[in-house]
Amino acid sequence: MREYDFRGIEAKWHARWVANKTYHVTEDETKQKFYVLNMFPYPSGAGLHVGHPLGYIASDIYARFKRQQGYNVLNPMGYDSYGLPAEQYAIQTGQHPEITTFRNIDRYREQLDKIGFSFDWDREVRTCDPGYYHWTQWAFQQMFRSYFCTSANKAMPIDSLIRHFETRGTEGITAASSEELSFTAAEWQAMSEEKKSRTLMNYRIAFLGETMVNWCPKLGTVLANDEVIDGVSERGGYPVEQKKMRQWCLRVSAYAQRLLDGLQTLEWSDSIKETQKNWIGRSEGTEVRIGVADSDVEFTIFTTRADTMFGVTFFVLAPESELVRQLTTAGQKAEVDKYLAYVKGRTERDRMIDHTVTGVFSGSYGINPITGDKCPIYISEYVLSGYGTGAIMAVPAHDSRDYAFARHFDLPIIPLIEGADVSEESYDAKEGTVMNSPMAGKTAFKGFSLNGLSVKEAIAATKKFVSENGLGRVKVNFRLRDAIFSRQRYWGEPFPVYYKHGIPCMIPEECLPVELPQVENFLPTESGEPPLGNAQIWAWDEVNRKIVDKALIDDKTIFPIELFTMPGFAGSSAYYLRYMDPSNDHALVDDRVAAYWQNVDLYVGGSEHATGHLIYSRFWNKFLFDLGVSKQEEPFHKLINQGMIQGRSNFVYRIKDTNTFVSLGLKDRYDTTPIHVDVNIVRNDILDVDAFKAWRPEYETAEFILEDGKYVCGWAVEKMSKSMFNVVNPDMIVERYGADTLRLYEMFLGPVEQSKPWDTNGIDGCHRFLKKFWQLFWDKEGNLPADATEPTADNMKTLHRLIKKVTADIEAFSYNTSISAFMVATNELTAQKCRSREVLMQMVTLLAPFAPHIAEELWEAMGGEGSVCDAQWPSFDEKFLVESSVQLGVQFNGKVRFSMLFPTDATPEEMVRLATEAPEAQKYLEGKQVVKTIAVPKRIVNIVVK
RNA sequence: GCCCAGAUGGUGGAAUCGGUAGACACGAGGGACUUAAAAUCCCUUGGCCAUUGCGGCCGUACGGGUUCGAGUCCCGUUCCGGGCACCA
C-alpha cells in the first residue's frame, strides 16, 4: 500500500512543469488552434478567495481536454491593473498605486500557482505596463484618425472625409456624427484650423465632446453609464451628478447595429444576449417635423407610434433642449426660467425615483402636420434630452406618461382604438382597430385616414405617408450612448495627445508609448483638476520629439500634454489580441500570428461585465477588424458566465447582556443576538469552542450552553466578505487537501454557470475519491499492475461508459456530473479488482484535465510517455456498452398498461415481440385483447390491453 | 411596467430527446475495527402506512391541460434571482 502524498506530488509536478515549460505554446501550423481565455483579474488587495478560481478551473479543464484532443491550445493569464479599483485601494491604504498593484500581482500569482493551471505565463500581460499600453494608446490614435462611414458600414480614414469636405463640403456624406452639419467646400476651406479641428470632432471615432457626463465628486472623476447604478457610483456607491464637461468620447453608437447583429452569430447565453440587446436598445420609429404657429422655427419629434398622430393633443420638450430658448414666448419666460431652475436642482437620482408630474407651458403652439391642429408645447423633465430628438408628440390616450401629464394639466385625451377605455388610464398596448383617425366629420392632410386598420398596419401606413409626403422620415434610434473615455484620475493610460493653441494633436506614433509620469500627489480632487496636473515633466517638445519640463512651454514648439487618463475599460478592450503576441514592439499583434489564433474560442468570466467590458471590447474589436488588425468581427465566440461563489456564514447566539452562548437548537428559549463567527473555526456547523475563546479577547471567558455536548452554529448564505467572517482562502484548502481536491470540489459543487454558496463541509467526499483512485493502482505490496493482465468485459464496460460520459460532459461544461461518473467508475473498478494496466492508464488520461498532479504522478509511475497533458484523449467503443441481458420490469397500476426494459440495440419491432413473449408479460396478457403497443427509445414498451 | 432565467429530500445537486425521480456527494442515524481518537469499511436515509415479510399510497412551488406515460411540453398562479426602465 502506498499513501496518497498530495503535498509531495503537487510540489514535484509544479516544479517539473516550470522547468520543462510544459505549458508554453507557439504558433504551430500543423495543429488546429484553440483559444481559451479567462477574464483577467483586477489584482485587488484582499487576494483571491475560493470563488475567484472557479472560472479559471473550469476553463483550465477545458483547455487541458482540448490539448489532449490534439489542439494547439492558447490559455494565457494576465492582470487588469489600471483603473479605479487598484487606485481606490492604493488611496485607502495610503500608498502609491504602483507599489500596491505590483504587490497585489505577486500575491495573486503566488496563489494561482498553487492550483495547477496550464497557463502560459510567458504570455502574461499587465495593462499598466508601458509595453502593453503602448497599443492601447495606438488604438486610441487610430480611432482619432477614423470616422464611421454609414454606407460602407465601417471605419474609414478621416483623411478621406477631409478630401470630401475640400471638394464637396457635406454634400453626399454618409458619416456617423454627433450632430448633422451642413457646409459647402468653400465654407470648409474658409474655416480656421481651430474651426476645422472642431468640425472634424463631430465625425472622429475618438473625439473631444462637450457632453453631459456622470460626474462623481467623491471619486473625483466622470464615469461611464455602466459604472453608474441607480444614480450612484458602482464603486463606492457615491452620488453622481450630471455635469457638462469637455471629454474624450468613443463613438460606440456608430457600431450599435453591428453590435446588435453580431449577437446572432455568438454562442452566448440567452440572458446575456438579452441584456446586451436591452442595453443597445434598438427602436424603430418615425421622425416627424413639426411647424410652430406664428414662427419660422421647426422642430422634429421621434415616435414609435406613428399610428397615433391623430391623438396628439400637445407637444413636450426636454428642459435641456436648445428649442426651449427658441420657443419660450416673452409672456412665459418667467415661468419657464423658474421651472428650468427647479430641474437643474434635481439630481439624476431624484429624477429616477420621483416620477411626479412637473412641467410648464412654453407659450408656443406646434402644428400637427396631418390634422393641421394647433397644440400647446410644454416643457417637462419626463422627456429626456439625450434620446431621440429631445422632443415628443404627446398622445395621452395611448401613453401612460402623456396620460399622467394631460390629467395634471387638464389637457384633452382622444381615444384612437376601438373599445379602449381611457377614462381611468391610458391604453398602451399595440393592438386593436384604429378609429378617430381622422375623427368623424373632419378631414386630414391629403385625405389621409387610418380608420379600420390594425395598429400594426396603421404604423406602417403612417410611416409610408410621412416619408412620401416629405413630413419626416423613418428613423432607427438606439439607447446605446457614446462612451465617455476620459477620467480625472492618475492610475490609467495617459492620452498620447498634446494641445497646440487649444487644438488637440497626436503625439507621433513612433514616439509611443507616452509613459505615465511620476507625481508626488496622485489623489483625485473634487473639483475635477486631474492629478496629472501635478506632473512637472509633462510638456511636448515638437522639435525634439520628447517629453520635457512643463516650465518650458512656449507658443512655438513646446505644448502642454493632456491631463486626463483613460478609463479602466481601455486596457481590457483588446488584451486578448495582445496575448497572441505579447512582446511585439512593432505592432499590437503580428499579422500572421493574428491570422493563426483568429479569435477567442471560449471565453469565461462573470456576467456582471455584460454592459461594460463585453460591449466595449466587442466595439473595440470591430474597429480593429475594420482596420484589418483583428481577423474576426467578433472577439469571443463562445462565452460561459461562471456563477458567483457566495459565502456561507456561521453564527453563534449570545444571550443578551451576558457572555454566554447558546447552541442553535436551544436558542429559542433565550433572548439572543446572532453574531458572525469565523467559518474557519467551525466544522460541519460545530464550533471549535477553544478556538472561539482564543479568537478574540472578549470571548476568552465565554461560556456555552451545549446540546449533546456540542455547540451547533446557525448558518446563512451571504456575499463572501471579510466583515461576515465567511471568506475561505484557496491556499488554506490547498494546504489541507491539495490542489487536485480543490479543483475537483469547486467543479463538483454544481453547474459552473450557477451561483452557489461555498461550503467546505463537502470537500471530504472529493478528497476521499482521489484517495480511492490512488489506491486503485497499488496492490498490498505497493506494486503497480503488470502489463499482461487482460481487461475483463466488466472493466471495459466501466471504462467506456466513463469515456462516453466524460467526453460529452466536458463539451457541455457539466463538470459536476463527470466527477460523479468518476466516483462511480472508480468504485466499480475497485469492486472488480481491476488489474489491467491498459484500463488504468486510460483512467489516468481521463482524470488528467481535472486533477493534473495526481494524473502526472500515476502516469509516470506506470511508465507513460512524456507528460499526461499530451496523452491522447481516448475514444469510446459502443460495443462495450451493449446490455447483455434483458432486464424486465412490469408495472401494473390497476390500469390497463405495463412497461418493460429492453436491450439498447433492439428495434421497436423486436421490443414489442420480446415484450409480448416474455413469461412475466403472459400472465397480464392472458385472456385480454391487445389494443395498442407503443415502443419508444430508452428501452420501454407499453402494451395497452382491455 | 417590459424582457430573461429559475423553483426537485435535512444540504449541494442528478435525471443530456417526454420513458424506473432523487445518481453522486455532504450531513444524520446504526454497526465493525480501535484503550481512545483519527483514518477506513459496512448498513439505513423523500414522506406516510406495512414491516414474519418480500408490498401499498403520496410525492419535483401551486392549479389546470396534452399524452399510454410529464420534473421535462402547453395555459394560468405564486415566489426567488438577473437585466432594462419617464427611451416616446
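Residue numbers begin at 1 in each chain, while the letters A, B, ... track the order of the sequences.
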- Item | Comparing A:E274 and A:G390 on RNA chain B - which has the more 5′ nearest nucleotide | A:E274
- Query: Which nucleotide, B:A25, B:G12, B:G83, lies nearest any side-chain atom of A:K756?
  - Reply: B:G12
- Note on the structure: Whichever of A:A821 and A:S283 has the more 5' nearest nucleotide on RNA chain B, that residue is A:A821
- Query: Once you round it to whole Å, what is the distance between P of B:C26 and CD1 of A:I819?
  - Reply: 14 Å
- Message: With a 4.0 Å limit, can you tell me whether A:R479 has a side-chain N or O closer than that to the phosphate oxygens OP1/OP2 of B:C84?
- Response: no
- Message: With a 3.5 Å limit on both atom pairs, tell me what B:G27 is paired to, counting Watson-Crick and G-U wobble, or say none.
- Response: B:U45
- Choose from B:G27, B:A15, B:C24 the nucleotide whose nearest atom is closest to any side-chain atom of A:T817. B:A15
- Rounded to the nearest Å, what distance is computed from the OH atom of residue A:Y382 to the C1' atom of nucleotide B:A88? 8 Å
- Task: Using the P atoms only, state how far B:A50 lies from B:A39, rounded to an integer number of Å.
- Result: 38 Å
- Message: Could you tell me how far apart A:F405 (CZ) and B:C86 (C1') are, to the nearest whole angstrom?
- Response: 12 Å
- Message: Measure CG/A:D809 against P/B:A15 and give the value in whole Å, please.
- Response: 8 Å
- Message: Checking side-chain polar atoms at under 3.5 Å, does A:N726 have a donor or acceptor matched by the opposite partner on A:S649?
- Response: yes
- Item | A:I379 versus A:P319, closest heavy-atom pair with distance | CG2-CA, 3.8 Å
- Rounded to whole angstroms, how far apart are CG on A:N761 and P on B:G13? 14 Å
- Query: Should we say atom CD of A:Q264 is surrounded by more than 12 heavy atoms from elsewhere, each under 6.0 Å from it?
  - Reply: no
- Query: What about the rings of A:F314 and A:F405, do their centers lie closer together than 6.0 Å?
  - Reply: yes
- Rounded to the nearest Å, what distance is computed from the CG atom of residue A:L384 to the P atom of nucleotide B:C86? 7 Å
